[in-house]
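Quick notes on the structure that follows.
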Number of protein chains: 2
Amino acid sequence: MDITLAALAGRWTPLVLREFLRRGQATYSELSAALPALSDKVLSDRLAQLTGAGVIERHRTPGWPPRVRYTLTPQGRALEPVVRSMWEWGTTQRQDTHGQSPDPSNTF
Amino acid sequence: MDITLAALAGRWTPLVLREFLRRGQATYSELSAALPALSDKVLSDRLAQLTGAGVIERHRTPGWPPRVRYTLTPQGRALEPVVRSMWEWGTTQRQDTHGQSPDPSNTF
DNA sequence: CTGTATCCTGAACGATACTG
DNA sequence: CAGTATCGTTCAGGATACAG
């Protein structure tokens, strides 16, 4: 649990992870564009966190300008059931607490 | 996801939650005894956090000495699949990373 | 383009003392 | 028994400037 929480915890982590689960891969600038409010430092932090957790992999392509591609690993894809179960619990929680109707699109 | 993460995040939260998933209920002093390194303040924080998240409920029984019983709610019990999926992902992760053999007791 | 270095602020944590 | 009050420390997050 601590390992999984460490992989998912932190501000922006769910949103960054969502981008990867949607795209399978992304570049630094793509993520920066998709999440404009996310500062450079924190984006670097999150990419390092997810890389260290084995969720994504860093691929440098040589040449200029430098281009780095982050790809979802098999272990990152294995996170999908975890994300879904968390999404489902949080959704019923919000309904119970605020009395809202369910949203059929489960894209966390 | 943010809702679920907010319910589970924070130091000691997984261990406190485990006590509730095991026992179904607990008193302040039981938790304090089960987790000696956990300070009063943080235990209060965690109980308030879990209560606010709808995971547990606070029941005051009148009289002296004051006795408070915290019980797992149905929504708290619904957290079990989430915990299990997180436990499973973290376990395979640790094996992959450190090359250890699996532990058959899945008590996170 | 893809980051790192630096500094600052606010929140979380932990220890201790005290209360209904 | 079951907490709250207070205080000091540590740490994550955010802004800005700079670098390979």
So which one's nearest nucleotide on DNA chain C is more toward 5', V42(B) or P66(A)? P66(A)
Checking E19(A) side chain against V16(A) main chain: does a donor-acceptor pair fall under 3.5 Å? no
Within the structure provided, determine whether L43(A) and S32(A) are in side-chain contact (heavy-atom separation under 4.5 Å). yes
Distance in angstrom units between Q49(B) CD and dA12(C) P, rounded: 9 Å
Atom CZ of R69(B) and atom CD of E57(B): how far apart are they, to the nearest 0.5 Å? 10.0 Å
Quick one: pull up CG in L8(A) and CH2 in W89(B) and give me the separation to the nearest 0.5 Å. 7.0 Å
Only residue of L50(B), V55(B), T51(B) satisfying side-chain contact (heavy atoms from CB on, under 4.5 Å) with Y70(B) is T51(B)
Provide the full list of side-chain hydrogen bond (donor to acceptor under 3.5 Å, both in side chains) pairs with a residue in residues 1-18 of chain A, sequence neighbours left out, each pair given once. T13(A)-R46(A)
With a 4.0 Å cut-off (strictly under) to non-hydrogen atoms of chain A, the first and last hit nts on DNA chain D, 5' to 3', are dG13(D) to dG20(D)
Quick one: D40(A) CG to dC1(C) P, roughly how many Å, whole number? 11 Å
Tell me the interatomic distance from K41(A), atom NZ, to dA5(C), atom P, rounded to whole angstroms. 12 Å
Are the side chain of S44(A) and the backbone of D40(A) linked by a donor-acceptor contact shorter than 3.5 Å? yes
Knowing that exactly one of R22(B), R23(B), R67(B) qualifies, which makes a salt bridge (charged side-chain N to carboxylate O under 4.0 Å, His left out) with E30(B)? R23(B)
Donor-acceptor under 3.5 Å (Q75(A) side chain, Q93(B) main chain): no
Can you tell which of dA15(C), dC1(C), dT4(C) lies closest to the side chain of S44(A)? dT4(C)
L38(B) CG to dA12(C) C1', in whole Å, measures 14 Å
Over how many whole Å does the gap from L47(A) atom CG to dC1(C) atom P extend? 16 Å
Which part of the nucleic acid, if any, lies within reach of R46(A) when heavy atoms closer than 4.0 Å are counted: base, sugar-phosphate only, or nothing? sugar-phosphate
Return the residues of residues 28-35 of chain A meeting this criterion: a heavy atom under 4.0 Å from some atom of DNA chain D. Order them by number, or give none. none
